[in-house]
Amino acid sequence: MSATDVRKPILTKQRRAVFDVIQSSVDHLSAGEVFDRAKETLPGISFATVYNALRYLKENGMIGEVSLSGGPARFDRITTRHDHAICEACGKLVDMKLEIPGSLLKSAIDVSGFKPRSFELTLWGTCSQCV
Ligand SMILES: [Zn+2]
Ligand SMILES: [Zn+2]
């Protein structure tokens, strides 16, 4: 897809089912978990179809993706900037909408010399059920 391509995303029945799975879950599901849930609506759907649908929805900005070091990619119904807290014991991933102070962002820019496109604060540790 080129940068000038402004077509609306095409939602096939399969893509719609995958999109609905993501939207109806507050969890951040892996492709395998999305596959399991999509099968409840479309029993004949294949893993490859689910995987391709996830890529398509991601490329069209309809879903977000969280990449964790060492773990499978997890998909996110929230597509705007937000932060995550991750439980290293049970794998729970919690959304947080934090107001990041401008001074912190400025320090990060000064230290790295980067022109940031986005930023995220990630909390690693144990959730309230696992402490
Ligand atoms: Zn936990
Ligand atoms: Zn999230």
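One-based numbering, in listed order, for ligands and for the atoms of each. Sequence positions, counted from 1, serve as the residue numbers for this chain.
- Among the heteroatoms counted here (N, O or S) of D95, OD1 is the one nearest to the Zn ion (ligand 2).
- For the pair R15 (side chain) and L57 (backbone), a donor-acceptor distance under 3.5 Å is absent.
- A distance-only check finds no donor-acceptor pair linking the side chain of R77 to the backbone of I63 [under 3.5 Å].
- S24 places a side-chain N or O within donor-acceptor distance of the main-chain N or O of D20, the cut-off being under 3.5 Å.
- Angle SG(C127) to the Zn ion (ligand 1) to SG(C90), rounded to 10°: 120°.
- Residue M62 comes nearest to Q23 through the heavy atom pair O-NE2, 3.9 Å, listed as atom of the first residue, atom of the second, then distance.
- The Zn ion (ligand 2) forms the vertex of an angle spanning NE2 of H28 and NE2 of H82; to the nearest 10 degrees it equals 170°.
- For D76, the N, O or S atom with the smallest separation from the Zn ion (ligand 2) is OD2.
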